[in-house]
Amino acid sequence: MPATNNLQGRDVWLRGTDELGRVTFSDHRVWDVGIFMLAREMEATALNAKKDSTLASVEQITEDRFRAKA
């Protein structure tokens, strides 16, 4: 009997800020939102440390906010 896989991707929308304060918006399909967000937050923390900044960040936003780019 073949193994079944119940994993389903989930859409996630992000608002990110780089070390200079520039804002970007992105959308992703992920298996585990918690792990994905933790990884993105760690990337922002590492970027801040590398560039001696406190501006880099990431936040999960709603689809509506993503579409409005706000």
### Task
Give a yes or no on this: more than 12 heavy atoms of other residues, nucleotides or ligands lie within 6.0 Å of atom CZ of R65.
yes
### Message
Within a 6.0 Å radius of atom NZ on K69, are there more than 12 heavy atoms belonging to other residues, nucleotides or ligands?
### Response
yes
### Query
How many angstroms lie between atom CZ of F36 and atom CD of E41, to the nearest 0.5 angstrom?
10.5 Å
## Note on the structure
To the nearest 0.5 Å, atom CD of Q8 lies from atom CZ of R29 at 9.5 Å
### Query
Is there a donor-acceptor contact under 3.5 Å from the side chain of S53 to the main chain of E19?
yes
### Set of residues satisfying salt bridge (charged side-chain N to carboxylate O under 4.0 Å, His left out) with respect to D18, sequence neighbours excluded
R22
### Query
Under 4.5 Å between side-chain heavy atoms, hopping through other hydrophobics if needed: is there a path connecting M37 to V30?
yes
### Message
For A44, give me all partners under side chain to side chain contact (heavy atoms under 4.5 Å, CB included), at least two apart in sequence or on another chain.
### Response
A56
### Task
Please identify each residue that fulfils side chain to side chain contact (heavy atoms under 4.5 Å, CB included) with S26, with sequence neighbours left out.
L14, H28
Residue pair [X] / [Y], side-chain heavy-atom distance below 4.5 Å:
{"X": "I61", "Y": "F25", "answer": "yes"}
{"X": "D11", "Y": "E63", "answer": "no"}
{"X": "V58", "Y": "R15", "answer": "no"}

### Query
Which heavy atom in T17 sits nearest to a heavy atom in V23, and how many Å separate them?
OG1-CG2, 4.1 Å
### Query
side chain to side chain contact (heavy atoms under 4.5 Å, CB included) between R10 and V33: does it pass, once the steps are laid out?
CA-CA 8 Å; R10 179 171 168 206; V33 176; 3.4 Å; yes
